[in-house]
Amino acid sequence: WESKADSMLNEFGKIRAEKAKAFEPMVFQIQNMNRANSDYDLVAETADSLIALAPGDSLTQWAKAQKGVAYKNTLSKAKKEYAAIKDLADNQAQFAEAEKQALTFQMRYRDFENDLHIQALIDHIRELAQANDAEATKYWESHDPAQALAKADTLLQKEKFGEAKELLNK
């Protein structure tokens, strides 16, 4: 009986070892992708493929945890890019470029809408652009463009570059 049980355990051990070797490449691939801070989509796809192979509870939980790590890594990268786009609109008044980048950003990070509120950023940029256009229209109703250019030239000659740039931007 002991001999029969030992031989069955050895057989099961061999089968388990073969299964583990089958999953090993995917496990290493997921580990390497997370070490390299790969995008969440890539890690999630590989982890989901591993989970679909039914590797067992512990490996399934590990794969889910690795998806969480990838999500956090990608979210931190996305937050930096989000801040740069917001800065482009808020501080540099480059609304068209900011909106273009925000739309691309929204497509790339569609899984992160709940955390980043990307559509709200796009709406904010559009509101700023409309407010700026309305302000510029109102400004030029009461000012002559030819006089403004002449004044800008005078400011440039006096080396008041900041004021001249502001006037030319209007």
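Small disclaimer: the values here were computed from a predicted structure and weren't measured. Keep in mind that the numbers below use all heavy atoms, side chains included, and drop hydrogens, waters and symmetry copies.
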Once salt bridge (charged side-chain N to carboxylate O under 4.0 Å, His left out) is applied, what residue pairs with a partner in residues 86-96 remain, sequence neighbours excluded? K86-D90
Expected list for residues 43-58: side-chain donor-acceptor pairs under 3.5 angstrom, two or more places apart:
unit_1	atom_1	unit_2	atom_2	d
T46	OG1	L42	O	3.1
D48	OD1	K67	NZ	2.8
S49	OG	E45	O	3.0

Nearest 0.5 angstrom please: L88 CG to Q94 CD, how far? 4.5 Å
For the residue pair S38 and T74, what are the closest heavy atoms and their distance? O-OG1, 3.6 Å
At their closest point, which heavy atom of I125 faces which heavy atom of A89, and how far apart are they? CG1-CB, 3.7 Å
Please report the interatomic distance CG(L59) to CE(M26), rounded to the nearest 0.5 Å. 10.0 Å
Can you list everything that forms a side-chain contact (heavy atoms from CB on, under 4.5 Å) with R35? Sequence neighbours excluded, please. Q31, N32
Non-neighbouring partners of D41 that pass side-chain contact (heavy atoms from CB on, under 4.5 Å), sequence neighbours left out: D111
Check whether any side-chain heavy atom of L121 sits under 4.5 Å from a side-chain heavy atom of Y82, and report yes or no. yes
Salt bridge (charged side-chain N to carboxylate O under 4.0 Å, His left out) contacts touching residues 68-79 (sequence neighbours left out): D39-K77
How would you list, by chain and number, every residue that makes a ring-ring contact (aromatic ring centres under 6.0 Å, His included) with Y109, sequence neighbours excluded? F105, F112
Find out whether W62 and V27 are in side-chain contact, i.e. whether some heavy atom of one side chain is under 4.5 Å from a heavy atom of the other. yes
Quick one: list whatever passes side-chain hydrogen bond (donor to acceptor under 3.5 Å, both in side chains) with E113, sequence neighbours left out. none
Considering all heavy atoms of both residues, which atom of N34 and which atom of A70 are nearest to each other, and what is their separation? OD1-CB, 3.3 Å
For D115, check side-chain contact (heavy atoms from CB on, under 4.5 Å) against everything at least two apart and list the hits. Y71, L75
Supply the atom-to-atom distance M33 CE to F28 CZ, rounded to the nearest 0.5 angstrom. 13.5 Å
So salt bridge (charged side-chain N to carboxylate O under 4.0 Å, His left out) across residues 92-105, not counting sequence neighbours, yields E99-R126
By side-chain contact (heavy atoms from CB on, under 4.5 Å), R108 pairs with (sequence neighbours left out) E81, T104
